[in-house]
Amino acid sequence: MPELPEVETTRRGIEPHLVGRNINRMVVRNGRLRWPIPDELPAWAQDQTIVRVERRSKYLFLVLERGTVLVHLGMSGSLRILLDDPTPNKHDHVDLELDNGTRLRYHDPRRFGLWLYTETDVHGHRLIENLGPEPLTDSFDFDYLYPRTRKRKTKIKTLLMDAKLVVGVGNIYANEALFLSGIYPHKLAGRLTKAECHSLVSNVKSLLAMAINQGGTTLKDFVGADGKPGYFAQSLNVYGRAGLPCRLCATLIKEVRTNNRSTCYCHQCQS
DNA sequence: AACGGCACCTGGTCGC
DNA sequence: TGCGACCAGGTGCCGT
């Protein structure tokens, strides 16, 4: 579910409610996520103060006094701030009870997410250390991208979704960025022109920035920390629009499979 | 090293 | 109405 804009929307939503608060108790109802939640995590987190909330790639870091909790939302996860204690449903797997009576509740039907922790520098964590640059920083630019496409025989869409190249671009935004740049998703990365790489860098940045400003994309079940959906879905040009007319040329949008993921594109606008 | 495929899990939708 | 097949926003890991 959540790509970078949805995770950043979540971060912005929860941060003001968490920073400076003490964790009274961590309740794990079902710890069988992508990896099991460590048995000792609740006791370790208890009575620690939350210093700040960061995002790296699609991971959220709850920075505590003596280490960091890593949270990933997987395909179907969400985090909400609750002002009271409504009865949890069967997919509300984790609660962080804070010292002012509010709580952070983790909901994840498919349980592809994760809650792990480290007592050392989180950027050196094995899941984090080999990630590529953040797309919205200056470290992701033409001079970075272009040489990394040379001699690559993989499809540009596959490369764009590879977190070792650049983080945060999942299936929706890969489809959308390629449309904005007029690039056929199955074009081999090594065949991109310099102009196409310039365009792709530019469009990835503006696309993600706009999506964040709209509170992310809600196709089905994504909600921000306040429980409200994002509004970027109405701005999508190709994803979820197979069979509908292209907004630029009215040609019907096609849908094909790329490494078992759906790929939507305009045959006329993208080559 | 680079690349493609699979698994992990639940729930919604579609066709018969 | 019921049932099975298939699909879904991620990504680490495995085999080639």
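Side chains are part of it too, since the values below use all heavy atoms of this structure and drop only hydrogens, waters and symmetry mates. Proteins come first, then strands; the chains are lettered A, B, ... in the order of their sequence lines, and each starts at number 1.
- Taking atom P in both dC6(B) and dC6(C), one finds a spacing of 14 Å when rounded to whole Å.
- Note on Arg257(A): a side-chain N or O is less than 4.0 Å away from OP1 or OP2 of dA8(C).
- Pair check for dA2(B) finds dT16(C); Watson-Crick or G-U wobble, both atom distances under 3.5 Å.
- Counting non-hydrogen atoms under 4.0 angstrom, Lys164(A) reaches nothing in the nucleic acid.
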(request) Kindly indicate, with the supporting measurements, whether the criterion salt bridge (Lys or Arg N to Asp or Glu O under 4.0 Å) is fulfilled by Glu6(A) and Lys58(A). (result) CA-CA 9 Å; Glu6(A) 292 73 45; Lys58(A) 298 168 192 167; over 6 Å; no
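- The side-chain heavy atoms of Trp44(A) and Ile23(A), taken from C-beta on, include no pair separated by under 4.5 Å.
- For the OP1/OP2 pair of dG11(B) and a distance below 4.0 Å, the side-chain nitrogens and oxygens of Arg110(A) include no atom meeting the criterion.
- When rounded to the nearest whole Å, the span between CG of Asn30(A) and P of dC8(B) equals 16 Å.
- Atom CG in Asn175(A) sits about 9 Å away from atom P in dG9(C), given to the nearest Å.
- With ring centers used as reference points, Tyr265(A) lies 6.0 Å or more from Phe179(A).
- Checking the phosphate oxygens (OP1, OP2) of dG9(C), a side-chain nitrogen or oxygen of Ser262(A) falls inside 4.0 Å.
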(message) Pair His123(A), Phe61(A) - check side chain to side chain contact (heavy atoms under 4.5 Å, CB included), show working.
(response) CA-CA 10 Å; His123(A) 293 282; Phe61(A) 299 156; 3.9 Å; yes
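- The phosphate of dG11(B) (OP1 or OP2) has no side-chain N or O of Ser76(A) nearer than 4.0 angstrom.
- Spacing of P atoms, dT11(C) relative to dA1(B), comes out at 22 Å, to the nearest Å.
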What pairs of nitrogen or oxygen atoms, one from the protein and one from nucleotides 2-5 of chain B, lie under 3.5 Å apart?
{"unit_1": "dC3(B)", "atom_1": "OP1", "unit_2": "Lys153(A)", "atom_2": "N", "d": "2.6"}
{"unit_1": "dC3(B)", "atom_1": "OP1", "unit_2": "Thr154(A)", "atom_2": "N", "d": "3.3"}
{"unit_1": "dC3(B)", "atom_1": "OP2", "unit_2": "Arg152(A)", "atom_2": "NE", "d": "2.3"}
{"unit_1": "dC3(B)", "atom_1": "OP2", "unit_2": "Arg152(A)", "atom_2": "NH2", "d": "2.2"}
{"unit_1": "dG4(B)", "atom_1": "OP2", "unit_2": "Thr154(A)", "atom_2": "OG1", "d": "2.9"}

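- The NZ atom of Lys220(A) sits 6 Å away from the C1' atom of dG11(B) (whole-angstrom rounding).
- Side-chain contact annotation: Thr217(A) with Tyr231(A), donor-acceptor N/O pair under 3.5 Å absent.
- Between Lys90(A) and dG11(B) there is a side-chain polar atom (N or O) within less than 4.0 angstrom of OP1 or OP2.
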(request) Give the B/S/- string for nucleotides 11-16 of chain C, one per nucleotide from 5' to 3', where a protein heavy atom under 4.0 Å of the base yields B, of only the sugar-phosphate yields S, and otherwise -. (result) BBS---
(request) Would you sort out whether Arg66(A) and Asp47(A) count as a salt bridge (Lys or Arg N to Asp or Glu O under 4.0 Å), showing the intermediate values? (result) CA-CA 11 Å; Arg66(A) 297 190 293 278; Asp47(A) 295 326; over 6 Å; no
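- Counting heavy atoms from C-beta on, the side chains of Asp95(A) and Arg29(A) come closer than 4.5 Å.
- Whole-Å rounding puts the Leu219(A) CG to dG10(C) C1' distance at 14 Å.
- Look at NE2 on His91(A): it is 12 Å from C1' on dG12(B), rounded to the nearest Å.
- Look at dG9(C): it lacks any Watson-Crick or wobble partner with both distances under 3.5 angstrom.
- In this structure the side chain of Val238(A) reaches within 4.5 angstrom of the side chain of Glu176(A), judged on heavy atoms.
- Judged by centroid separation below 5.5 Å and plane tilt below 30°, Phe112(A) stacks onto the base of dG10(C).
- Spacing between atom CG of Leu207(A) and atom P of dG9(C) amounts to 16 Å, rounded to whole angstrom units.
- Using a 4.5 Å heavy-atom cutoff, the side chains of Val204(A) and Val166(A) are not in contact.
- Residue Arg32(A) contributes atom CZ, which lies 10 Å from atom P of dT10(B) at whole-angstrom precision.
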(request) Would you please test Arg52(A) and Glu54(A) for salt bridge (Lys or Arg N to Asp or Glu O under 4.0 Å) and show each step? (result) CA-CA 7 Å; Arg52(A) 58 184 181 275; Glu54(A) 298 178 351; 2.6 Å; yes
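- Across all strands, Tyr173(A) comes closer than 4.0 Å to no nucleic acid atom at all (heavy-atom distances).
- Between the CD1 atom of Ile172(A) and the P atom of dG10(C) there is a distance of 7 Å, rounded to whole Å.
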